[in-house]
A.B. asks: 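Take this structure, written in structure tokens, and hold onto it; I'll ask about it next.
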Amino acid sequence: MSGLEIERKFLVHKAGRPYAAQAYASSRITQGYICSERGRTVRVRLSDGRGYLTIKGPSDPDGTTRYEFEKEITPDEARQLMKLCEPGMIDKTRYLVRSGRHTFEVDEFYGENDGLVIAEVELSSKDEPFTKPAFVADEVTGDRRFYNSQLMKTPFSAWRDSLPQEFR
């Protein structure tokens with residue numbers, strides 16, 4: 001896949017983990033970054049026994065849109081490329097939850113990012129309407145702290161107290 005990625009990010013009400021019960025699928029994801037500077041990233045991911053290499057360009061000023069190129073690679077290639085990654089890995093479970101015509105990807109993080117849960121929805125245009133599930137809360141689109149490439153460098157454990165208690 002390649003082209004423009006238009007997405008919005010939100011904090012999630014975690015009490016009772018409603019997103020897990022509503023999910024039609026989930027997968028464990030491990031990912032690292034070969035490069036994560038000036039908003040450009042080269043990511044390596046393993047998910048459900050499959051490998052991926054993703055290159056993303058810098059986001060637009062409001063953080064909703066950026067170029068993305070993704071290619072499936074073999075799991076062995078992904079494991080080898082992970083040896084080249086910057087320090088710090090992202091470990092999370094992704095839950096897929098349908099809401100209207102859209103699918104929300106809800107990421108529950110582990111390790112140094114334990115306690116953080118973020119939902120993302122991909123859109124075909126910035127102004128495309130969508131229905132948020134009840135567990136979706138405050139929008140954090142464009143807040144770089146919530147980018148996976150930043151969570152690798154400055155994990156949630158270092159700044160969790162800056163968020164309201166319900167999101168820690």
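Values below: every heavy atom of this structure, side chains too, minus hydrogens, waters and symmetry copies. All residue numbers in this chain count up from 1 along the given sequence.
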A.B. asks: Please find out if less than 6.0 Å separates the ring center of F146 from that of W159.
C.D. replies: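 Yes; W159 has its ring centre under 6.0 Å from that of F146.
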A.B. asks: Can E128 and R101 be counted as an ion pair, charged N to O under 4.0 angstrom?
C.D. replies: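 Salt bridge present between E128 and R101.
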A.B. asks: Honestly curious: do F109 and Y19 fall in one hydrophobic cluster under the side-chain, below-4.5 Å linking rule?
C.D. replies: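 Shared cluster, no.
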A.B. asks: Are the side chain of E5 and the backbone of T65 linked by a donor-acceptor contact shorter than 3.5 Å?
C.D. replies: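 Not confirmed, E5 side chain does not pair with T65 backbone.
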A.B. asks: So if you build clusters from Ile, Leu, Val, Met, Phe, Trp, Tyr with side-chain heavy-atom gaps below 4.5 Å, do M82 and V42 land together?
C.D. replies: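 Same cluster: M82 reaches V42 through Ile, Leu, Val, Met, Phe, Trp or Tyr contacts under 4.5 Å.
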A.B. asks: Determine, step by step, whether R160 and F167 satisfy the side chain to side chain contact (heavy atoms under 4.5 Å, CB included) criterion, reporting the C-alpha distance in whole Å, the side-chain angles of both residues, the deciding distance to 0.1 Å, and the verdict.
C.D. replies: CA-CA 8 Å; R160 73 175 350 115; F167 301 117; over 6 Å; no
A.B. asks: Report yes if some heavy atom in the side chain of I55 is under 4.5 Å from a heavy atom in the side chain of Y67; otherwise report no.
C.D. replies: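 Not in contact.
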A.B. asks: Do D60 side-chain atoms and T64 backbone N/O form a donor-acceptor pair below 3.5 Å?
C.D. replies: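 Yes, because the side chain of D60 sits within donor-acceptor range (under 3.5 Å) of the backbone of T64.
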A.B. asks: Could you pull out the closest heavy-atom pair between S26 and Y95, with the gap in Å?
C.D. replies: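 Residues S26 and Y95, closest heavy atoms: CB-CD2, 3.7 Å.
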A.B. asks: Hey, are the side chains of T103 and V121 touching, using non-hydrogen atoms and a 4.5 Å cut-off?
C.D. replies: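 The answer is no; the side chains never approach within 4.5 Å.
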A.B. asks: With a 4.5 Å cut-off on side-chain heavy-atom distances among I, L, V, M, F, W and Y, is there a chain of contacts connecting L96 to I118?
C.D. replies: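 They do not share one cluster, since no chain of ILVMFWY contacts under 4.5 Å joins L96 to I118.
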A.B. asks: Are R43 and Y52 in a cation-pi setup, meaning NZ or CZ lies under 6.0 angstrom from the ring centre and within 45 degrees of the ring axis?
C.D. replies: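 The answer is no, since R43 fails at least one limit relative to Y52.
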A.B. asks: Side-chain contact test, heavy atoms from C-beta onward, threshold under 4.5 Å: evaluate it for E120 versus F104 and give yes or no.
C.D. replies: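 Counting from C-beta outward, E120 and F104 never come under 4.5 Å.
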A.B. asks: How long is the span from the OH atom in Y33 to the SG atom in C85, to the nearest 0.5 Å?
C.D. replies: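 Here the rounded value is 9.5 Å.
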A.B. asks: Decide yes or no on side chain to side chain contact (heavy atoms under 4.5 Å, CB included) for R40 and C35, but give the supporting numbers first.
C.D. replies: CA-CA 7 Å; R40 294 170 176 86; C35 175; 5.5 Å; no
A.B. asks: Which distance, rounded to the nearest 0.5 Å, do you find between the CG of L46 and the CG of D76?
C.D. replies: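 Here the rounded value is 10.0 Å.
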A.B. asks: Test your reading of the model: is there a side-chain donor-acceptor pair from E77 to the backbone of T74, 3.5 Å cut-off?
C.D. replies: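 Indeed, once roles are kept as given, a pair shorter than 3.5 Å links the two residues.
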A.B. asks: Do you know which of K9, K132, R8 makes side chain to side chain contact (heavy atoms under 4.5 Å, CB included) with E139?
C.D. replies: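 Among K9, K132, R8, the one meeting side chain to side chain contact (heavy atoms under 4.5 Å, CB included) with E139 is R8.
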A.B. asks: Might you point out which heavy atoms bring G63 and S59 nearest each other, and give the distance in Å?
C.D. replies: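 Result for this residue pair: CA-CB, 3.9 Å.
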A.B. asks: With a 4.5 Å cut-off on side-chain heavy atoms, are L53 and F69 touching?
C.D. replies: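 The answer is no; the side chains never approach within 4.5 Å.
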A.B. asks: Does S27 have any side chain to side chain contact (heavy atoms under 4.5 Å, CB included) partners at least two apart in sequence or in another chain, and if so, which?
C.D. replies: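 By the side chain to side chain contact (heavy atoms under 4.5 Å, CB included) rule, S27 matches I29, S47, D48, R94.
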A.B. asks: Got a second to check how far K126's NZ is from L4's CG, nearest 0.5 Å?
C.D. replies: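 Going from the NZ atom of K126 to the CG atom of L4 covers 10.0 Å.
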A.B. asks: For atom CD of E112, is the number of surrounding heavy atoms from other residues, nucleotides or ligands below 6.0 Å larger than 12?
C.D. replies: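 Atom CD in E112 is not crowded, with 12 or fewer foreign heavy atoms closer than 6.0 Å.
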A.B. asks: Would you name the heavy atoms of M152 and P87 that are closest together and state the gap between them?
C.D. replies: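 Taking every non-hydrogen atom into account, CG-O, 3.4 Å.
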A.B. asks: Would a hydrophobic clustering, with Ile, Leu, Val, Met, Phe, Trp and Tyr connected at side-chain separations under 4.5 Å, put V117 with F156?
C.D. replies: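 Not linked; separate clusters.
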A.B. asks: Quick one: does Q31's side chain get under 4.5 Å of M89's, heavy atoms only?
C.D. replies: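 Heavy-atom side-chain distance check fails, nothing below 4.5 Å.
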A.B. asks: Please test E68 against T54 for side-chain hydrogen bond (donor to acceptor under 3.5 Å, both in side chains), starting from the C-alpha separation and ending with a verdict.
C.D. replies: CA-CA 7 Å; E68 178 183 70; T54 306; 5.5 Å; no
A.B. asks: Looking at CD1 of I6 and OG of S125, how far apart are the two atoms once the value is rounded to the nearest 0.5 Å?
C.D. replies: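 Reported value, rounded in 0.5 Å steps: 6.0 Å.
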A.B. asks: Minimum heavy-atom separation for G49 to P75, with atom names?
C.D. replies: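 Minimum heavy-atom contact is O-CG, 2.9 Å.
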A.B. asks: Is there side-chain contact between F135 and V97, with at least one heavy-atom pair below 4.5 Å?
C.D. replies: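 Of all side-chain heavy-atom pairs linking V97 with F135, at least one is under 4.5 Å.
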A.B. asks: So, are E108 and K14 salt-bridged, with charged N and O less than 4.0 Å apart?
C.D. replies: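 Salt bridge: no.
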A.B. asks: What distance do D107 atom CG and D91 atom CG have between them, rounded to the nearest 0.5 Å?
C.D. replies: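 Between D107 CG and D91 CG, I get 11.0 Å after rounding to 0.5 Å.
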A.B. asks: Working to the nearest 0.5 angstrom, can you tell me the gap between T30 OG1 and I90 CD1?
C.D. replies: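 Here the rounded value is 10.0 Å.
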A.B. asks: Using a strict cut-off of less than 4.0 Å between a Lys/Arg side-chain nitrogen and an Asp/Glu carboxylate oxygen, indicate whether R50 and E72 qualify as a salt bridge.
C.D. replies: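 Salt bridge between R50 and E72, a charged N being under 4.0 Å from a carboxylate O: yes.
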A.B. asks: Less than 4.5 Å apart, any side-chain heavy atom of N148 and any of K92?
C.D. replies: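 N148 reaches K92 side chain to side chain.
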A.B. asks: For the hydrophobic clusters of this structure (ILVMFWY residues joined by side-chain heavy atoms under 4.5 Å, transitively), does one cluster hold both V140 and V136?
C.D. replies: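 No, no single cluster joins them.
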A.B. asks: Considering residues at least two apart in sequence or located in another chain, which fulfil the side-chain hydrogen bond (donor to acceptor under 3.5 Å, both in side chains) criterion with T41?
C.D. replies: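 Listed in chain order: R66.
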A.B. asks: Show the numbers, then the answer: is there a side-chain hydrogen bond (donor to acceptor under 3.5 Å, both in side chains) between S162 and R145?
C.D. replies: CA-CA 11 Å; S162 68; R145 295 179 300 171; 3.1 Å; yes
A.B. asks: Who pairs with T131 by side-chain hydrogen bond (donor to acceptor under 3.5 Å, both in side chains), at least two apart in sequence or on another chain?
C.D. replies: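 For T131, no residue satisfies side-chain hydrogen bond (donor to acceptor under 3.5 Å, both in side chains) once neighbours in sequence are set aside.
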A.B. asks: Compare all side-chain heavy atoms of L123 with those of F130 and state whether any distance is below 4.5 angstrom.
C.D. replies: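 When only atoms from C-beta onward are counted, F130 and L123 do touch, with a gap below 4.5 Å.
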A.B. asks: Report yes or no: is the cationic atom of R28 (NZ for Lys, CZ for Arg) under 6.0 Å from the centre of the six-membered ring of Y110, at an angle within 45° of the ring normal?
C.D. replies: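 Yes, cation above the ring, under 6.0 Å and within 45°.
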